[in-house]
Amino acid sequence: MRSEETQEAALFALIAVGDARACDAVLRRLELDSTRDRGYFFSFIKLELTFLAQHVRDRPEVLAAARRITVRNWKRRTDPEQKWIARYLPQVSPESPDHLPPPSSEVVEEIRRLALEAARAD
């Protein structure tokens, strides 16, 4: 099994240079990480959601899939996790209407920038 550092580095790389071909694999990771302990895996979940948001224009169905996963596991998320999702990607939050438009380019760029800054800080 890969180390958590390797998984995190792979997600950072996907955010930096990946394309929509990785969406299915990232959705599978989101499914796994969303079912795990509260808080601990949220750095992965944020990165996975960030990657998926970047490719929602090419693969609009990923937003609905991410929403199903997130809503199903919402009670596993801590308050700060829920607030991050509500702030940046309300499209996948259970409190949001089912059919919100995709995140704006500005939001996607902001969460991408935040993710890449976190990568540089490590």
Side-chain angles (χ1 to χ4, degrees):
M1 185 165 172
R2 291 182 236 160
S3 72
E4 292 163 2
E5 294 84 18
T6 302
Q7 291 173 15
E8 186 176 50
L11 285 166
F12 285 132
L14 283 172
I15 289 169
V17 296
D19 63 33
R21 291 177 292 179
C23 285
D24 294 330
V26 172
L27 278 170
R28 285 191 296 277
R29 288 288 340 154
L30 178 64
E31 180 78 52
L32 289 171
D33 293 338
S34 291
T35 62
R36 298 193 177 160
D37 292 339
R38 297 163 59 124
Y40 183 75
F41 280 90
F42 192 59
S43 63
F44 292 120
I45 293 168
K46 281 196 298 191
L47 295 175
E48 291 153 359
L49 289 172
T50 296
F51 174 80
L52 294 169
Q54 287 179 249
H55 299 290
V56 80
R57 303 271 187 252
D58 296 326
R59 298 274 311 271
E61 74 280 4
V62 300
L63 195 60
R67 185 175 203 280
R68 282 190 300 276
I69 293 166
T70 305
V71 168
R72 185 172 47 244
N73 296 290
W74 191 248
K75 291 184 182 195
R76 294 179 184 268
R77 306 284 57 88
T78 64
D79 186 59
E81 292 171 349
Q82 290 178 0
K83 286 180 179 172
W84 185 93
I85 291 168
R87 176 178 179 186
Y88 293 110
L89 292 172
Q91 295 85 351
V92 302
S93 168
E95 286 102 24
S96 299
D98 285 344
H99 300 291
L100 284 180
S104 69
S105 299
E106 293 80 17
V107 166
V108 171
E109 189 52 38
E110 181 177 359
I111 60 177
R112 181 179 188 276
R113 180 185 54 76
L114 291 170
L116 295 176
E117 283 177 4
R120 284 190 284 276
D122 284 347

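These numbers come from a predicted model, not from an experiment. These values consider heavy atoms only, across backbone and side chains, with no hydrogens, waters or symmetry-generated copies.
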Is Leu49 reachable from Leu32 through a run of hydrophobic residues whose side-chain heavy atoms are each under 4.5 Å from the next? no

Heavy-atom pair of closest approach, residues Val107 and Pro103: CG1-CB, 4.3 Å

Just verifying a value: how many Å separate Asp33 CG and Thr35 OG1, rounded to the nearest 0.5 Å? 7.5 Å

Strictly below 4.0 Å, N to O, side chains only: are Arg28 and Asp24 in salt-bridge contact? no

So, does Arg77 use its side chain to make a donor-acceptor pair with the main chain of Gln82 at under 3.5 Å? no

Side chains of Ile45 and Glu81: does their closest heavy-atom pair fall under 4.5 Å? no

Listed pairs under 3.5 Å, donor-acceptor, residues 85-92 side chains, sequence neighbours left out:
residue: Gln91; atom: NE2; partner: Pro101; partner atom: O; Å: 2.9

With side chains defined as the heavy atoms from C-beta onward, is the minimum distance between Cys23 and Leu52 less than 4.5 Å? yes

Please list all pairs passing the salt bridge (charged side-chain N to carboxylate O under 4.0 Å, His left out) test where one or both residues lie in residues 60-72, with sequence neighbours left out. Glu31-Arg72, Arg59-Glu61, Arg67-Asp98

Distance-minimising heavy-atom pair for Ile69 and Leu27: CD1-O, 3.8 Å

Minimum-distance pair of heavy atoms, taken over all atoms of Val56 and Pro102: CG1-CB, 3.7 Å

How many angstroms lie between CH2 in Trp84 and CG in Asp79, if you round to the nearest 0.5 Å? 15.0 Å

Closest non-hydrogen atom pair, Ala118 against Phe12: C-CZ, 4.2 Å

Can you see which heavy atom on Ser3 is nearest to which on Thr6, and at what distance? OG-OG1, 2.9 Å

Under 3.5 Å, which donor-acceptor pairs do the side chains of residues 108-115 form with other protein atoms, sequence neighbours left out?
residue: Arg112; atom: NE; partner: Ile15; partner atom: O; Å: 3.3
residue: Arg112; atom: NH2; partner: Ala16; partner atom: O; Å: 2.9
residue: Arg113; atom: NH1; partner: Glu117; partner atom: OE1; Å: 3.4
residue: Arg113; atom: NH1; partner: Glu117; partner atom: OE2; Å: 3.0

Pairwise side-chain contact, Phe51 with Leu11, heavy-atom cut-off 4.5 Å (strictly under): no

